[in-house]
Amino acid sequence: MIRDFEHFAPRTLKEALSLLDKYREECKVIAGGQSLLVLMRQGLVAPEYLIDIKGITELNYIKSDAKEGLRIGALTPHRAIENSPVIQANYAVLAEMENRLASIQTRNWGTIGGNLCHGDPAGDPAPVLMALGATLKTASLNGERTMAIEDFFLDYFETALEPGELLAEIQVPVFPPHSGAAYTKFNIIESDMATVGVAVQVTLSSSNGICDDVRIVLGASAPTPIRAKQAEELLRGKKLADNLLQEAGQIASTEAEPISDIHASEEYRRELVKVLVKRVGKEALARAKQA
Ligand SMILES: Cc1cc2nc3c(=O)[nH]c(=O)nc-3n(C[C@H](O)[C@H](O)[C@H](O)COP(=O)(O)OP(=O)(O)OC[C@H]3O[C@@H](n4cnc5c(N)ncnc54)[C@H](O)[C@@H]3O)c2cc1C
């Protein structure tokens, strides 16, 4: 049963930040409620004050610029990202990831910001945004902070957000030339969370097709989404081929720190990392060659 709470529905960011500053630890922010309400129903979270930010339209937008890249307001629903023509054209991997996140109903109401702030290591958006080199902008009455998305996730369901702070914007840099990105997750039930998710972005040198840069990100494989940095190191500066990607998968599977739970054993998750890094790496490489 959900405990009684007082509900506020601010219409502006400034109003929301004032409420957050006033109630601090006694309050909880709610956006789409797709994750928070589950916790409230289970009695795991029982705030005295609920600050409902869903109606703050100034945080619901998708803007794209050839110089600055992509900016997504934290309250943008998943479905808007999935259906955005500008994202489909320039950051297809983001739209593809959203298409496999939950059901249409959940995507219509759940927000990208709520997903990231929930801090679930099995969430779909974080690995893709990390592979794309995204940064996050937070806001509080003290001003704004910007951080690499990699610094946002501290532990299981724990983020770098401070009391009084909201996630305001997700910033994705311009997609580099000669680059390709791909994501997939393994899940047993369609639209379910990832048992393991893998995102890869590859950038090739224009002249000889050598791998200039690569980011390999593992989801549901550690307490937070993580980069498989040793696997990346293996690939940088080399001409990518199947055997090298296979070796990268092998290395990534040792970098992962998965747990055993009702969905999969630790060993099975490591095997998934091995297979998916190769498979997603190949897809990212093929896209980079066509870019
Ligand atoms: C049936 C079902 C299936 C799902 N499947 C998937 C899936 O396949 N993949 C996946 O990734 N997710 C999945 N989810 C999770 C869910 O879709 C996301 O977590 C959702 O995007 C959360 O967004 P929300 O706006 O509903 O957040 P809420 O539930 O409102 O909030 C989540 C947390 O973030 C905080 N918060 C929200 N917005 C902000 C903000 N702007 N600043 C600071 N804190 C904030 C809240 O206080 C709360 O702690 C599923 C959920 C359900 C119910």
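Note that the numbering runs from 1 along the sequence shown for the chain. Ligands are counted one by one from 1 in listed order, and the atoms in each one are counted from 1 as well.
- At a heavy-atom cutoff of 4.0 Å, ligand 1 is contacted by both the backbone and the side chain of Gln34.
- Glu82 CD to Glu96 CD: the interatomic distance, rounded to the nearest 0.5 Å, is 11.0 Å.
- Between Pro125 and His78, some side-chain heavy-atom pair lies under the 4.5 Å cut-off.
- Polar contact with ligand 1: present for Leu167 (N/O pair, distance under 3.5 Å).
- Ranking protein heavy atoms by distance to atom 31 (O) of ligand 1, first place goes to Leu36 CB, 4.1 Å.
- Some N or O of Gly33 is nearer than 3.5 Å to an N or O of ligand 1, by distance alone.
- More than 12 heavy-atom neighbours from other residues, nucleotides or ligands sit within 6.0 angstrom of CZ on Arg100.
- Polar contact with ligand 1: present for Ser35 (N/O pair, distance under 3.5 Å).
- For the pair Lys63 (side chain) and Gly73 (backbone), a donor-acceptor distance under 3.5 Å is absent.
- Of the polar atoms of Leu37, none of the N or O atoms is found under 3.5 Å from an N or O of ligand 1, judged by distance alone.
- Residue Asp192 approaches ligand 1 through these ligand atoms, each under 4.0 Å from one of its heavy atoms: 8 (O).
- Using a 4.0 Å cut-off between charged side-chain N and carboxylate O, Glu271 and Lys274 make a salt bridge.
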Q: Mind running side chain to side chain contact (heavy atoms under 4.5 Å, CB included) on Glu162 and Arg145 for me, showing each step along the way?
A: CA-CA 11 Å; Glu162 288 174 359; Arg145 291 198 296 153; 4.0 Å; yes
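- Contacts between Pro125 and ligand 1 below 4.0 angstrom, taking non-hydrogen atoms only, involve the side chain exclusively.
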Q: Determine, step by step, whether Cys117 and Leu161 satisfy the side chain to side chain contact (heavy atoms under 4.5 Å, CB included) criterion, reporting the C-alpha distance in whole Å, the side-chain angles of both residues, the deciding distance to 0.1 Å, and the verdict.
A: CA-CA 8 Å; Cys117 293; Leu161 276 178; 3.6 Å; yes
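- Regarding atom 24 (P) of ligand 1, its nearest protein heavy-atom neighbour is Gly32 N, 3.4 Å.
- At a heavy-atom cutoff of 4.0 Å, ligand 1 is contacted by the side chain of Leu161 but not by its backbone.
- Here the shortest heavy-atom distance to atom 6 (C) of ligand 1, taken over Gln105, Met97, Met193, Glu169, belongs to Met193.
- Ring planes of Tyr268 and Phe186: perpendicular class, angle over 60° (limits at 30 and 60°).
- Counting only heavy atoms from C-beta outward, the side chains of Ile226 and Phe153 never approach each other to under 4.5 Å.
- Taking a cut-off of under 4.0 Å to the non-hydrogen atoms of His78, the atoms of ligand 1 that pass are 20 (C), 21 (O).
- For ligand 1, the polar-atom distance check finds an N/O of Asp124 within less than 3.5 Å of one of the ligand's N/O atoms.
- At under 3.5 Å, not a single nitrogen or oxygen of Gly110, backbone or side chain, sits near a nitrogen or oxygen of ligand 1.
- In plain terms, the two heavy atoms of Tyr91 and Val174 that are nearest each other are OH-CA, 3.7 Å.
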Q.
Working note: Glu165 + Leu20, criterion side chain to side chain contact (heavy atoms under 4.5 Å, CB included); need CA distance, chi angles, decisive distance, verdict.
A. CA-CA 7 Å; Glu165 210 171 25; Leu20 264 181; over 6 Å; no
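- Below 3.5 Å of separation, one finds an N or O of Ala31 facing an N or O of ligand 1.
- For ligand 1, the atoms lying closer than 4.0 Å to a non-hydrogen atom of Ile30 are 30 (O).
- Among all non-hydrogen protein atoms, the one lying nearest atom 32 (C) of ligand 1 is Gly114 O, 3.5 Å.
- Every heavy atom of Leu116 sits 4.0 Å or more from the atoms of ligand 1.
- A salt bridge between Glu283 and Arg279 is absent, with no side-chain N of the basic residue lying under 4.0 Å from a carboxylate O of the acidic one.
- Atom numbering of ligand 1 starts at 1 in the shown order; those under 4.0 Å from a heavy atom of Thr111 are 21 (O), 23 (O), 24 (P), 25 (O).
- The nearest heavy-atom contact from the protein to atom 51 (C) of ligand 1 is Thr106 CG2, 3.9 Å.
- Within the structure, ligand 1 has Lys185 among the residues with a heavy atom less than 4.0 angstrom away.
- Each of the atoms 34 (O), 35 (C), 36 (N), 39 (C), 40 (C), 42 (N), 43 (C), 44 (N), 45 (C) of ligand 1 lies under 4.0 Å from some heavy atom of Cys117.
- You'll find the side chain of Leu94 reaches within 4.5 Å of the side chain of Leu70, heavy atoms only.
- Ion pairing between a basic and an acidic side chain is recognised when a charged N comes within 4.0 Å of a carboxylate O; Lys229 and Glu232 show no such pairing.
- Considering each of Met40, Arg107, His118, Lys28, the one bringing a non-hydrogen atom nearest atom 49 (O) of ligand 1 is Lys28.
- In this structure, the protein non-hydrogen atom closest to atom 47 (O) of ligand 1 is Val29 O, 2.5 Å.
- For the pair Arg3 and Glu48, the minimum side-chain heavy-atom distance is below 4.5 Å.
- Listed by number with element, the atoms of ligand 1 under 4.0 angstrom from any heavy atom of Gly123 are 11 (O).
- The closest approach between a heavy atom of Gly119 and any atom of ligand 1 is not below 4.0 Å.
- The Ala102 neighbourhood of ligand 1 comprises atoms 3 (C), 4 (C), 5 (N), 6 (C), 7 (C), 8 (O), with distances under 4.0 Å to a heavy atom of that residue.
- No N or O atom of Ala122 sits closer than 3.5 Å to an N or O atom of ligand 1.
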